[in-house]
K.L.:
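Shown below is the structure under consideration.
Reminder, nothing fancy here: chain letters follow the sequence lines and each chain counts from 1. Keep in mind that this is a model prediction, so the values were computed, not measured.
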Protein chains: 2
Amino acid sequence: MAKHKPQLERRRPPVQSRSRATVDELLAAAAQVFESHGYAAGTTNRIAQVAGVSIGTLYQYFPGKDAIAVALLERHIVETEERLRDWAARAATGRWGLRATLNGYVTVMMETHAGRPRLQHILLEETPLPARVHQDLLKSERRAAATVTEVLHRYPEIRRPHLDQVGFLVVQTVESLTHRFAAHPDEQVMPCDRFLGELVLMLTAYLVGPAR
Amino acid sequence: MAKHKPQLERRRPPVQSRSRATVDELLAAAAQVFESHGYAAGTTNRIAQVAGVSIGTLYQYFPGKDAIAVALLERHIVETEERLRDWAARAATGRWGLRATLNGYVTVMMETHAGRPRLQHILLEETPLPARVHQDLLKSERRAAATVTEVLHRYPEIRRPHLDQVGFLVVQTVESLTHRFAAHPDEQVMPCDRFLGELVLMLTAYLVGPAR
DNA sequence: ACAGAAAGTGAGTAATTACTCAGATTGTAG
DNA sequence: CTACAATCTGAGTAATTACTCACTTTCTGT
């Protein structure tokens, strides 16, 4: 369908407030359309329509469909890192026990995906992302693992060796279970709050449990 | 792109061995093509080409693209349930400790996705599945949880209440972490065998840990 | 007021692709 | 061998869709 191969850089940077609002509208519309239709079926025409602008305007600010997905993903990475930093800062005050800290972490992650549970999945798995973005994702995930590891260091009841790998597994576990539960919840078998509680229980048991 | 809306039933059931082989070829080709291109970009023409038959032959046995994905998914559900039954039977001999049993479960699940790590994700998330198939998936997942719960009942060291919900969380955890690790392994931070070991450790700690 | 820049429009284009069909080829029963 | 069914072929069709461009409208500085 693509006539030419477009770049990934924004074409014309918005300078007036009107155009900045348009770009915001476009991103919001894209999030909604991708969430409900998937990447391939989320057409650029539909995105423009939902945003309330013409298709030409869309291509004035984004050189191609991929670029929109990349922008959404990069925005999500930034937001997630912000939330994680906030959580780490709160944990660093030392007023919380391990369990409350883990509870906070899982809650933050669930909130992050509460609004559009499928979107991150779609961006990650269905979108042809350039290698650069994959690198960014990997780096961001490693930073998250490092942050979590650092927080865990504050709790002497954790006696497990290789805390960095432990932090990595915690991040992976929370991330993947949160995604899964947000996207396909089985409220019949396990309601959301119970799921959260059990997950925190599992993580706590893992961290303070016998080293072997 | 679709002119008419096709059904999901196979058009002409293969009766000669030649055509049965053709259908197998088509499914194998579809698995390969979807795995490497995703659902939307995995074209029917390409599937037919990889299978070594003409596009017309493909449509003689499958009424539409979706039907191929559904067939692949149903096949995967059957295979997974078989593997799970085998594992439960082995666990029922009573010769394994809890840890070995969990290790076996995780190993089985990792093996299931080792060959085509992305395929299940693609079928589940990118394919427009009819409601019937989603029901089947949910049912299959619940059966898996029931099987695991039953196995866990054999181990008196597990004192946790609501074993059915515990079994459900174990299934969800293993399923989602296995998918994630098969699809995007970060061998640099955590090699596969170490990942398996830590996951088993986490599950064990969760199951035998303090009830509160 | 006005020139030029920024922003927006949407019908149209070229490429892609799911699917069809008229007929050729291969297997099989009597 | 013959008739018929099963199987296979692949060029062609209609629908879809990413993207362009010639043009209009709105804003801003002077």
Side-chain angles (χ1 to χ4, degrees), chain A residues 1-27 29-30 33-34 37-71 126-128 130, chain B residues 1-27 29-30 33-34 37-71 126-128 130:
Chain A
M1 289 128 183
K3 247 185 298 194
H4 302 295
K5 57 254 88 168
Q7 313 110 43
L8 278 176
E9 310 313 321
R10 191 162 286 166
R11 232 152 221 194
R12 179 198 295 258
V15 321
Q16 300 177 358
S17 69
R18 175 168 52 135
S19 56
R20 253 174 277 124
T22 300
V23 170
D24 286 349
E25 287 289 336
L26 280 169
L27 285 174
V33 169
F34 287 149
H37 293 81
Y39 180 75
T43 70
T44 51
N45 280 292
R46 187 171 211 110
I47 291 170
Q49 188 197 330
V50 169
V53 301
S54 83
I55 180 66
T57 298
L58 185 152
Y59 281 95
Q60 197 126 44
Y61 300 107
F62 298 97
K65 190 181 175 182
D66 296 2
I68 306 176
V70 169
E126 302 185 33
T127 309
Chain B
M1 290 126 185
K3 247 185 299 196
H4 303 295
K5 56 254 90 167
Q7 312 110 42
L8 277 176
E9 310 313 321
R10 192 161 287 164
R11 233 153 219 193
R12 180 197 293 261
V15 322
Q16 300 177 359
S17 69
R18 173 168 55 135
S19 56
R20 253 175 277 126
T22 300
V23 171
D24 286 349
E25 287 290 335
L26 280 169
L27 285 175
V33 169
F34 287 149
H37 292 82
Y39 180 74
T43 70
T44 50
N45 280 292
R46 188 172 209 110
I47 292 171
Q49 187 197 330
V50 169
V53 302
S54 82
I55 181 65
T57 298
L58 185 153
Y59 280 95
Q60 197 126 42
Y61 298 107
F62 298 98
K65 191 181 173 180
D66 296 1
I68 306 176
V70 169
E126 302 185 34
T127 309

K.L.:
What is the distance from CG of B:L26 to P of C:dC19, rounded to the nearest Å?
P.N.:
14 Å
K.L.:
With a cut-off of less than 4.0 Å, is there a side-chain N or O of A:S54 near OP1 or OP2 of C:dG10?
P.N.:
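No, outside the criterion.
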K.L.:
Could you state the CD-P distance from B:Q60 to C:dC21, rounded to the nearest angstrom?
P.N.:
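The answer, rounded to whole Å, is 13 Å.
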K.L.:
Would you check, one step at a time, whether the test side-chain contact (heavy atoms from CB on, under 4.5 Å) holds for A:Y39 with A:D66?
P.N.:
CA-CA 9 Å; A:Y39 180 75; A:D66 296 2; 2.4 Å; yes
K.L.:
So do the side chains of A:L26 and A:V53 get within less than 4.5 Å of each other, counting heavy atoms only?
P.N.:
yes
K.L.:
OP1 or OP2 of D:dA6 less than 4.0 angstrom from a side-chain nitrogen or oxygen of B:S19, does that happen here?
P.N.:
no
K.L.:
Is there a side-chain contact between A:E126 and A:F34, using heavy atoms and a 4.5 Å cut-off?
P.N.:
no
K.L.:
Taking the nucleotide of DNA chain C with the closest heavy atom to each, which residue, A:T57 or B:N45, is nearer the 5' end?
P.N.:
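Result: A:T57.
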K.L.:
Quick check: on DNA chain C, is the nucleotide nearest B:Y59 upstream (toward 5') of the one nearest B:G56, or the reverse? Name the residue that is more 5'.
P.N.:
B:Y59
K.L.:
Determine the minimum heavy-atom distance between B:E25 and B:A51, stating which atoms define it.
P.N.:
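Distance-wise, the nearest heavy atoms are O-CB, 3.8 Å.
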K.L.:
From C-beta outward on A:Y61, which listed nucleotide comes closest to its side chain: D:dC19, C:dC19, C:dG8?
P.N.:
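From the listed options, C:dG8 comes nearest.
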K.L.:
Please give me the minimum heavy-atom distance between B:L58 and B:T44, naming the atom from each residue.
P.N.:
CD1-O, 3.6 Å
K.L.:
Please state how far atom CD1 in B:I47 lies from atom P in C:dC19, giving the value in whole angstrom units.
P.N.:
11 Å
K.L.:
Return the value, rounded to whole Å, for the distance between atom CD of B:Q49 and atom C1' of C:dT17.
P.N.:
14 Å
K.L.:
Tell me: CG of A:L58 to P of C:dA7, nearest whole Å?
P.N.:
15 Å
K.L.:
In whole Å, I'd like the distance from the NE2 atom of B:H37 to the C1' atom of C:dT17.
P.N.:
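From B:H37 NE2 to C:dT17 C1': 14 Å.
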K.L.:
Minimum heavy-atom separation for B:G64 and B:Y59, please, with both atom names.
P.N.:
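For B:G64 versus B:Y59, the nearest heavy atoms are CA-CE2, 4.0 Å.
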K.L.:
Please state whether the phosphate of D:dT17, meaning OP1 or OP2, lies under 4.0 angstrom from any side-chain nitrogen or oxygen of A:T43.
P.N.:
no
K.L.:
Under 4.0 Å: is that the gap between some side-chain N or O of B:T44 and OP1 or OP2 of C:dC19?
P.N.:
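Answer no for this pair, as no side-chain N or O of B:T44 is under 4.0 Å from OP1 or OP2.
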K.L.:
Any side-chain heavy-atom pair from B:L27 and B:F62 closer than 4.5 angstrom?
P.N.:
yes
K.L.:
Strictly under 4.0 angstrom, non-hydrogen atoms only: write out the protein contact profile of nucleotides 25-30 of chain D, one letter per nucleotide from the 5' end, B, S or -.
P.N.:
-SSS--
